[in-house]
Amino acid sequence: PEVITIQELANRMAERAVDVIKLLMKQGQMAKITDTIDADTAQLIAEELGHTVKRVSEADVEEGLFDVADASEDLEPRPPVVTIMGHVDHGKTSLLDAIRHANVVAGEAGGITQHIGAYQVTAPSGAKITFIDTPGHAAFTAMRARGAKVTDVVVLVVAADDGVMPQTVEAIQHAKAAKVPLIVAINKIDKPDAKPERVRTELLQHEVQVETFGGETLEVEVSAKQKTNLDKLLDVIGLQSEILELKANPNRPAEGTVIEAKLDRGRGPVATVLVQRGTLKVGDIVVAGAEWGRVRALVSDTGKTIDTAGPSVPVEVLGFNGTPEAGDRLAVVENESRAREVTDYRARQKREKQAARASGMRGSLEQMMS
Ligand code: GDP
Ligand code: MG
C-alpha cells in the first residue's frame, strides 16, 4: 500500500508537521513525525488543511519511459553483450584483459589505461562484441534484481587444471535462470596439469553438454596467459550471437542500463551506460533511477569523445546532476520538466520506502524491548 511519512506530507504541503499530528490526534490517532500513514488518511489531512489533492500513481509517472515496442521493420542487427563468469582464480580478469589488449591497435594504447566497466572489440569475422568488464556474480545478480537484462551471452570460464567448482555451478544456475546461453571457455590449457576432458565430463553433471560431447553448448580451449585461441573465442561468440538474431532500433530515443557510476572530482557524476536501444546523443535529457541530467559529453571505451552511441555501445555519460546507481535503467525524455517529474517522484518513493522500513524496524525494536 502507498504510504507517506508525516514529515514528508507536511513538507509537500509546506505545513508544520505538528499541525498534521494534531489533526491525526483529533481523529484519535497518535503519531510521531517519523511515522507513516496511508494515502487515504494523507488525502483527508491535506484536504482538511485546505489543499487540493492530486494523487499520482507510479503508472502515471513511468508511463512511456521504457519498453515502448519498436516496429519489426525498424529493427537492425546489434552486437552481442557478453559477461564473463566463473570460479575465482579461473582467469576471468586475465581473459577480459587479454581480449581487450589483443584488440587495441597500435597508437590507441593510451586508451587501454581507461577503465569504463565495459568495452567493445571486433572479432576476426568483423563482428563487434561488447564485453561487460565487471566480472562477478554479484554484479550480475544485482542487475537482474533490478530488472535489468543486459547480458545476451555468458562466457563460463573453467580452469582446466581445477575443473568445475562451486562458483562455476553458481554461474551455470544464474545463466539458466536468466535464460542466457552459455559458451564454455576452458582456460589455462597451457598448464602441464590441464585436463580439459575432465572439465567437459564434470559439466555434464550440471546439465551442460558441450559440442564435442554431442551437446549444443559451444566451447573453446583457451589460454589467457599465452593468448591462445582468443580469436576463436570471439568467433564462437559471434556464431552464438547469429543464432540469437539480436536486434534493436537505433533510430529512436535511447534506453540503456547504468553499468557503474561514480562521482569524479574533476568531471562530476560519471555513469557508464550500456545503450540497449535507440541512439544516445550529446544534449539529450536523460533520467536514470532518481537522477537526471543533460548529456554534456559522451566518452567511448577508448577514451575518445563521441557525439552519439547506438545499441550495444558502452559509453561514459557526463552531465548528470547526481550519481545514479549501477543497475539503474536510463531513458531519454522530452524535456527538463519531464525529467524532474520522473526523478522527483522516484526520489520521493525512495525516501518513503526508507522511512517506512525505518519505522517498521523501530516498531519491531520497541516490541522486542517491551
Ligand atoms: P579471476 O579471479 O577469475 O579473475 O582470475 P584471474 O584472471 O585473476 O587469474 C587468476 C590467476 O590465474 C592469476 O595468477 C593468473 O595469472 C592465472 N591465469 C589466468 N589465466 C591463465 C592461463 O591461461 N594460464 C595460466 N597458466 N595461468 C593463468
Ligand atoms: Mg578477477
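The shown structure was predicted, so the numbers you read here are calculated from the model rather than taken from an experiment. Counting begins at 1 with the first residue of the sequence.
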Verdict with reasoning, E48 to K26, per salt bridge (Lys or Arg N to Asp or Glu O under 4.0 Å): CA-CA 12 Å; E48 193 97 346; K26 261 199 209 160; 5.4 Å; no
Measure across [X] and [Y] and return the closest heavy-atom pair with its distance rounded to 0.1 Å.
| X | Y | answer |
| --- | --- | --- |
| P166 | H87 | CD-CE1, 3.8 Å |
| D235 | P124 | OD1-CD, 3.6 Å |
| G86 | A171 | N-CB, 4.4 Å |
| V258 | A288 | CG2-CB, 4.0 Å |
| G278 | P311 | O-CD, 3.2 Å |
| G126 | T122 | O-CG2, 3.6 Å |

Side chain to side chain donor-acceptor pair (under 3.5 Å) partners of N249, counting only residues at least two apart: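 Scan of N249 (side chain to side chain donor-acceptor pair (under 3.5 Å), adjacent residues dropped) gives D70.
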Residues which pass side chain to side chain donor-acceptor pair (under 3.5 Å) with Q43, listed by chain and number, not counting sequence neighbours: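 Per chain and number, Q43 pairs via side chain to side chain donor-acceptor pair (under 3.5 Å) with E47, R55.
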Would the distance check show the side chain of [X] and the main-chain N or O of [Y] forming a donor-acceptor pair, the cut-off being under 3.5 Å?
| X | Y | result |
| --- | --- | --- |
| E219 | T212 | yes |
| T130 | S312 | yes |
| D38 | D40 | yes |
| Y345 | E62 | no |
| Q167 | V88 | yes |
| D35 | K32 | yes |
| K225 | I189 | no |
| K149 | T151 | yes |
| T279 | P250 | yes |

Contacts of type ring pair (Phe, Tyr, Trp, His ring centres under 6.0 Å), residue F320, not counting sequence neighbours: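 Checked F320 against ring pair (Phe, Tyr, Trp, His ring centres under 6.0 Å); zero matches.
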Kindly compute the distance separating [atom1] ([X]) from [atom2] ([Y]), expressed to the nearest 0.5 Å.
| X | Y | atom1 | atom2 | value |
| --- | --- | --- | --- | --- |
| I4 | Q349 | CD1 | CD | 9.5 Å |
| L274 | Q120 | CG | CD | 9.5 Å |
| T343 | E291 | OG1 | CD | 7.5 Å |
| Q29 | L23 | CD | CG | 11.5 Å |
| I84 | T93 | CD1 | OG1 | 9.0 Å |
| I186 | K188 | CD1 | NZ | 14.0 Å |

Qualifying residue for side-chain contact (heavy atoms from CB on, under 4.5 Å) with F131, from T83, I99, D301: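 The side-chain contact (heavy atoms from CB on, under 4.5 Å) with F131 is passed solely by I99 among T83, I99, D301.
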Indicate yes or no: at least one non-hydrogen side-chain atom of [X] is less than 4.5 angstrom from one of [Y].
| X | Y | result |
| --- | --- | --- |
| P181 | L244 | yes |
| I129 | P79 | no |
| L298 | V317 | yes |
| L203 | I172 | yes |
| V20 | M13 | yes |
| V299 | L318 | yes |
| R12 | R348 | yes |
| R338 | V287 | no |

side-chain contact (heavy atoms from CB on, under 4.5 Å) between R198 and T201, worked out: CA-CA 5 Å; R198 201 190 78 189; T201 311; 5.5 Å; no
N-O pairing of E202 and K195 below 4.0 Å: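 No salt bridge links E202 with K195.
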Under 4.5 Å side-chain linkage, directly or through intermediates, the cluster mates of L44: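 Under the 4.5 Å side-chain rule, L44 groups with nothing.
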side-chain contact (heavy atoms from CB on, under 4.5 Å) assessment of F213 paired with E197: CA-CA 10 Å; F213 279 10; E197 285 304 292; 3.8 Å; yes
Atom NZ of K247: over 12 foreign heavy atoms under 6.0 Å: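 For K247, atom NZ is not crowded (no more than 12 foreign heavy atoms under 6.0 Å).
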E73, CD: over 12 other non-hydrogen atoms inside 6.0 angstrom: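 Counting neighbours around CD of E73, more than 12 heavy atoms of other residues, nucleotides or ligands fall under 6.0 Å, so yes.
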Indicate every side-chain donor-acceptor pair of residues 152-163 with a distance under 3.5 Å to a residue at least two apart or in another chain.
| from | atom 1 | to | atom 2 | distance (Å) |
| --- | --- | --- | --- | --- |
| D152 | OD1 | R78 | NH2 | 3.0 |
| D152 | OD2 | R78 | NH1 | 2.9 |
| D152 | OD2 | V81 | N | 2.8 |
| D161 | OD2 | K191 | NZ | 3.0 |
| D162 | OD2 | H90 | NE2 | 2.8 |

side-chain contact (heavy atoms from CB on, under 4.5 Å) between I132 and V82, worked out: CA-CA 6 Å; I132 305 282; V82 179; over 6 Å; no
Common cluster, V286/L263, ILVMFWY with side-chain heavy-atom separation under 4.5 Å: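 Cluster IDs for V286 and L263 differ.
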Sequence-distant partners of R16, salt bridge (charged side-chain N to carboxylate O under 4.0 Å, His left out), two or more places apart: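 Residues passing salt bridge (charged side-chain N to carboxylate O under 4.0 Å, His left out) with R16: D19.
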Residue pair I33, T5: steps toward the side-chain contact (heavy atoms from CB on, under 4.5 Å) verdict: CA-CA 7 Å; I33 192 161; T5 63; over 6 Å; no
